[in-house]
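One structure, as structure tokens, below. Some questions next.
Predicted model, so just to flag it, every value in this text is computed and none were measured.
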Amino acid sequence: MMTYLTQPWKPRLLSLLQKQHLLTDKNSGLTLIEGLVAILIVSAVTTAITPMMFLSVATRIQNRRSEQALQLAHGQIDQIRVLMEQGINDQTVIDRQLPPLAGENNVNDVGPPTGIFNNLLSTNSSCNDLTDLGQLSPNQAFPVDVNGDCEIDFYMQTFRTNEVTAVLNNSNNSIEVPIVFRMGVRVYYRNADFGNLETDQASLVMTTGEGQQRTRPLASLFTVMAQGDTTLSLDRYRIFLTDEVRP
């Protein structure tokens, strides 16, 4: 009779493997401490990133507003430049379409607007009430709607200084027309704090808030306007330049 030898190590090995498998099943997944650590890490990363996101969005919005304000200022200047190039010989055009005349000799000395002229300039003809710039005073700003929703988007201040005129004769009578002058345009945002406004242009710095938009113009432009198709244009321009360099 043959006798088979048993292998006692096999049952012990199987038992050990089963115990390790049970231990692995019991320890699988995250513990409470591991979960809390993960939450803390996510919170720290979110806290660090969120301010930068707000900063980026606010700065981008501010730059967009400044771009729109600059386009408005250029548009106003171009409109007056076209009038001057066409030649002004009508008193109605002088009274109604030119910016108001400021008394200061230096365009930079004209102060910020202290009041609002409540006629809206809009791209929507149904709510466009501003048709006469002659009603304005140099220390007033008028509201502007740029997207046609009849809501105020900006406030614009426009004026002219250092004006040199000449008397021109037409078929009916003689009128005194501006030959050359300096023109200024300042554009403020709709949340402008009237009574505390300044004339220096707002600095486009990175910000999470409104920055200097409440007190300073987003765009500030100055230029010289002249009409050169009259017999007195050259003489009046010389006078203008003389007044410019005079102390």
Side-chain angles (χ1 to χ4, degrees), residues 57-88 90-102 107 110-161 163 178 181-202 204 207 209-223 225:
V57 172
T59 302
R60 185 166 63 250
I61 292 175
Q62 177 181 254
N63 292 340
R64 174 57 179 165
R65 290 171 182 170
S66 298
E67 181 182 352
Q68 289 180 321
L70 187 61
Q71 290 175 352
L72 279 175
H74 276 296
Q76 185 67 21
I77 287 176
D78 290 342
Q79 179 180 347
I80 303 303
R81 179 175 285 114
V82 169
L83 288 176
M84 296 295 288
E85 290 177 351
Q86 291 176 345
I88 298 177
D90 188 343
Q91 190 64 46
T92 303
V93 174
I94 299 173
D95 294 338
R96 301 189 61 181
Q97 298 189 39
L98 291 183
L101 181 62
V107 70
V110 179
T114 56
I116 300 174
F117 185 76
N118 288 313
N119 280 24
L120 180 68
L121 177 65
S122 175
T123 55
N124 188 340
S125 59
S126 64
C127 56
N128 181 38
D129 300 325
L130 185 65
T131 58
D132 188 351
L133 289 180
Q135 301 177 29
L136 291 167
S137 65
N139 61 351
Q140 285 183 315
F142 57 88
V144 181
D145 165 35
V146 297
N147 52 17
D149 61 356
C150 298
E151 297 291 335
I152 298 173
D153 297 312
F154 297 93
Y155 287 99
M156 181 183 294
Q157 178 193 25
T158 180
F159 49 86
R160 70 185 196 270
T161 65
E163 182 175 82
F181 58 84
R182 281 194 174 276
M183 177 180 174
V185 180
R186 299 186 183 115
V187 181
Y188 296 83
Y189 190 52
R190 63 187 178 192
N191 63 350
D193 184 13
F194 283 86
N196 296 306
L197 296 181
E198 302 175 16
T199 58
D200 293 333
Q201 186 169 328
L204 298 181
T207 178
E210 296 178 341
Q212 300 173 335
Q213 297 179 53
R214 288 183 57 84
T215 57
R216 294 189 176 186
L218 295 178
S220 182
L221 295 180
F222 305 101
T223 187
M225 295 291 181

Note to self: Just so I know, are the side chains of T123 and V146 near enough to count as touching, which here means a heavy-atom distance under 4.5 Å?
What the structure shows: no
Item checked: Sub-4.5 Å side-chain heavy-atom contact between R190 and E151 -> no
Check: From N119 CG over to C127 SG, what is the distance, rounded to the nearest 0.5 angstrom?
Finding: 12.0 Å
Notebook entry, point to check: Do F154 and L218 come close enough that some side-chain heavy atom pair is under 4.5 Å?
Noted result: yes
Next item on the list: To the nearest 0.5 angstrom, please state how far the NE2 atom of H74 sits from the CD atom of Q71.
Entry: 9.0 Å
Check: Is a donor on one side and an acceptor on the other found under 3.5 Å between the side chain of D129 and the backbone of T131?
Finding: no
Notebook entry, point to check: Under 4.5 Å between any side-chain heavy atoms of P178 and I94, yes or no?
Noted result: yes
Next item on the list: Any chance you could measure L98, atom CG, to F181, atom CZ, to the nearest 0.5 Å?
Entry: 5.0 Å
Notebook entry, point to check: Under 30°, 30 to 60°, or over 60°: which ring-plane class applies to F159 and F222, parallel, tilted or perpendicular?
Noted result: tilted
Margin query: For I152 and V144: C-alpha separation, side-chain torsions, deciding distance, then whether side-chain contact (heavy atoms from CB on, under 4.5 Å) applies.
Written below: CA-CA 6 Å; I152 298 173; V144 181; over 6 Å; no
Next item on the list: Have a look at L136 and tell me which of D132, N139, L133 forms a side chain to side chain contact (heavy atoms under 4.5 Å, CB included) with it.
Entry: L133
Notebook entry, point to check: Atom CG of L101 and atom OG of S137: how far apart are they, to the nearest 0.5 Å?
Noted result: 12.0 Å
Note to self: Taking D145's backbone N and O only, do any of them form a donor-acceptor pair with D153's side chain (distance below 3.5 Å, no angle check)?
What the structure shows: no
Notebook entry, point to check: Between N124 and S126, do the side chains contain an N or O donor and an N or O acceptor separated by less than 3.5 Å?
Noted result: yes
Note to self: If we check side chain to side chain donor-acceptor pair (under 3.5 Å) with R186, which of these qualifies: Q201, E198, Q157?
What the structure shows: Q157
Note to self: Within this structure, what is the OG1-CZ distance for the pair T199 and R216, rounded to the nearest 0.5 Å?
What the structure shows: 8.5 Å
Item checked: Rounded distance [0.5 Å steps], CG in D78 versus CD in Q76 -> 9.5 Å
Checklist line | Check: V187 and P217 side chains under 4.5 Å, non-hydrogen atoms | finding: no
Checklist line | Geometric class of the F194/Y155 ring pair [parallel <30°, tilted 30-60°, perpendicular >60°] | finding: perpendicular
Item checked: Considering all heavy atoms, the nearest S122-G148 contact -> OG-CA, 4.3 Å
Notebook entry, point to check: Where do P99 and T158 come nearest, in terms of heavy atoms and distance?
Noted result: CB-OG1, 3.4 Å
Notebook entry, point to check: Does the side chain of L83 come within less than 4.5 Å of Q97's, by heavy atoms?
Noted result: yes
Margin query: Taking the side chain as everything from C-beta on, heavy atoms only, tell me whether Q135 gets closer than 4.5 Å to F142.
Written below: no
Next item on the list: State, with a plain yes or no, whether a side-chain heavy atom of M225 is found less than 4.5 Å away from one of R160.
Entry: no
